[in-house]
Trainee: 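Got a structure here, written out as structure tokens. Questions coming.
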There are 2 protein chains.
Amino acid sequence: MPLILGGLAFLFKHPAAGRRQIVGYRVPGDFCDVHLSELYPLDYSVAALGPVRVASIPVRDLSDLLARHPAIERAFALAELLDLAMLREWLLNIGQRNAQQKLCHFFCEMSVRLRAVGMVNGDGSVELPLDQAVLADTTGLTLVHINRTLQQMRHDRLVELGKRRLTVRDPERLAAVAEFDTSYLRVEHGRTAVA
Amino acid sequence: MPLILGGLAFLFKHPAAGRRQIVGYRVPGDFCDVHLSELYPLDYSVAALGPVRVASIPVRDLSDLLARHPAIERAFALAELLDLAMLREWLLNIGQRNAQQKLCHFFCEMSVRLRAVGMVNGDGSVELPLDQAVLADTTGLTLVHINRTLQQMRHDRLVELGKRRLTVRDPERLAAVAEFDTSYLRVEHGRTAVA
DNA sequence: CGACCGATTGACCTGCGTCAAATATCGTGG
DNA sequence: CCACGATATTTGACGCAGGTCAATCGGTCG
């Protein structure tokens, strides 16, 4: 039961061929997988985005830990509900929106989550080290189309995606385009930094 | 905390406009929402597909019930993990596959789930009362395109979608087209009919 | 300098969307 | 039993967002 302390990771699934769908991101303070692997074999894989620091909680200690600390148990339950909420929101995003909106929405979500755990730089940009191929697998779009959409967004002064960082130029408009509503992330409700 | 006893329901979310994304189905034996609404406000809505019978478990009794019956608590945890797994699989489905595959995959999943709870007719068809508009909102496709894809599938002898029932003509080929792998549904693992 | 990896570009194509109208299908009341 | 409105399926013509293929460019590193 790994807990992320620093760095980013993502979860993904393979359909048969060379394709890949990313089904979630993990930021510091998140559990990698909420599974007790005994109960339910993993149906996805995990990969790191750059170096990651992880704390591993032995499963044997876990039930004890949860019993002893109700606050941790509650955090645990919340983490799972949050995961469900994010997946539903993603499904809506992938299913209903166009390329630009998908990217906007993803950037909004990551911006909020990264900000919540303090992965912000002095200039307000946010620590997000991904290449366009990863964005493609996140949104279900093509690398080429991601590239063109990003150019458009850059030109529209919405966001700037640097080598390792994301700079949101116009948060209002970004959220508006994405029809983004933070509430499903529940950042206020003390799920920031379990550590 | 409603538990479905008979009939079908689905969960959905609205992006701003008149669009709608269905984010899950509930069959007999499923909990409608695994939320303790105190902890986490719902971010989706529920609708019934025809008449539904529901048992309502008061939230106050719940923690007691779980504590007293570990088997139920375990079923509960499993239900949540299953929900996560289905959402991930759906995300992959919506993100990576073409219209025909999406439909095939959805039909495969529903066929398995409905069969697991005995909603099968004598002729092997399965109880699935939905119209093409609902299919559209499930897959993120257009009503018109759903119609054309269904015709193709009918012509290819893959499935037949009647007024209230789905008949799978060629299960093998259906699963092959959809790249469907049952395992994420874990039907063997005693999650059939909690009731 | 050469190899490599990621970003970018261009030409072209197609799956799916859009708009709009035509047919079923069905429950209801006359 | 039939007419009628409402709901669902089907059809046709047409357009475009996004996919595909393939080449180029820029930077980085040994």
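Order of the sequence lines sets the chain letters (A, B, ...), proteins ahead of strands, with each chain counted from 1. In this text the structure is predicted, and so the values were computed from the model without any measurement.
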Trainee: Please list, in numerical order, the residues of residues 151-159 of chain B that have a heavy atom closer than 4.0 Å to any atom of DNA chain D.
Mentor: B/Q151, B/R154
Trainee: Taking only residues two or more places apart in sequence, or in another chain, which ones meet B/A175 in a side chain to side chain contact (heavy atoms under 4.5 Å, CB included)?
Mentor: B/C108, B/F180
Trainee: A/F106: which residues meet the ring-ring contact (aromatic ring centres under 6.0 Å, His included) condition with it, sequence neighbours left out?
Mentor: A/Y25
Trainee: Can you tell me which residue pairs pass the salt bridge (charged side-chain N to carboxylate O under 4.0 Å, His left out) test with a partner in residues 168-183 of chain A, sequence neighbours excluded?
Mentor: A/R97-A/E179, A/E160-A/R169, A/D170-A/R173
Trainee: Just the rounded figure in Å: distance from P of C/dC26 to NZ of B/K163.
Mentor: 7 Å
Trainee: So which pairs with a foot in residues 135-157 of chain A pass salt bridge (charged side-chain N to carboxylate O under 4.0 Å, His left out), sequence neighbours left out?
Mentor: A/R20-A/D137
Trainee: Output yes when at least one side-chain N/O atom of A/N147 is less than 4.0 Å from OP1 or OP2 of C/dA7, else no.
Mentor: no
Trainee: For the helix from C/dC1-D/dG30 to C/dG30-D/dC1, what angle separates the axis at the start from the axis at the finish, each from five pairs, in steps of 10°?
Mentor: 30°
Trainee: Could you list the residues that satisfy side chain to side chain contact (heavy atoms under 4.5 Å, CB included) with A/P171, not counting sequence neighbours?
Mentor: A/V168
Trainee: Give, for atom CG of B/L82 and atom CG of B/L87, the distance between the pair rounded to the nearest 0.5 Å.
Mentor: 9.5 Å
Trainee: Which residues pass the side chain to side chain donor-acceptor pair (under 3.5 Å) test with B/E73, sequence neighbours left out?
Mentor: none
Trainee: For the side chain of A/D131, starting at C-beta, report the closest nucleotide among C/dT8, C/dG6, D/dT9.
Mentor: C/dG6
Trainee: Excluding sequence neighbours, so at least two apart, what forms side chain to side chain contact (heavy atoms under 4.5 Å, CB included) with B/D64?
Mentor: B/R68
Trainee: For A/D137 and C/dG6, give me the distance from atom CG to atom P, rounded to whole Å.
Mentor: 13 Å
Trainee: Can you tell me how far the CG atom of B/L91 sits from the CG atom of A/L11, to the nearest 0.5 Å?
Mentor: 11.0 Å
Trainee: Can you sort out the partners of B/A176 under side chain to side chain contact (heavy atoms under 4.5 Å, CB included), two or more places apart, ordered by chain and number?
Mentor: none
Trainee: Using a cut-off of 4.0 Å between protein heavy atoms and nucleotide atoms, how would you tag nucleotides 13-30 of chain D 5' to 3' with B, S and -?
Mentor: B----BSBB---------
Trainee: Quick one: side chain to side chain donor-acceptor pair (under 3.5 Å) partners of B/T149, sequence neighbours excluded?
Mentor: none
Trainee: Quickly work out the B/R164 CZ to D/dT9 P distance and round it to whole Å.
Mentor: 11 Å
Trainee: Would you please confirm or rule out a distance under 4.0 Å between OP1 or OP2 of D/dT10 and any side-chain N or O of B/Q132?
Mentor: yes
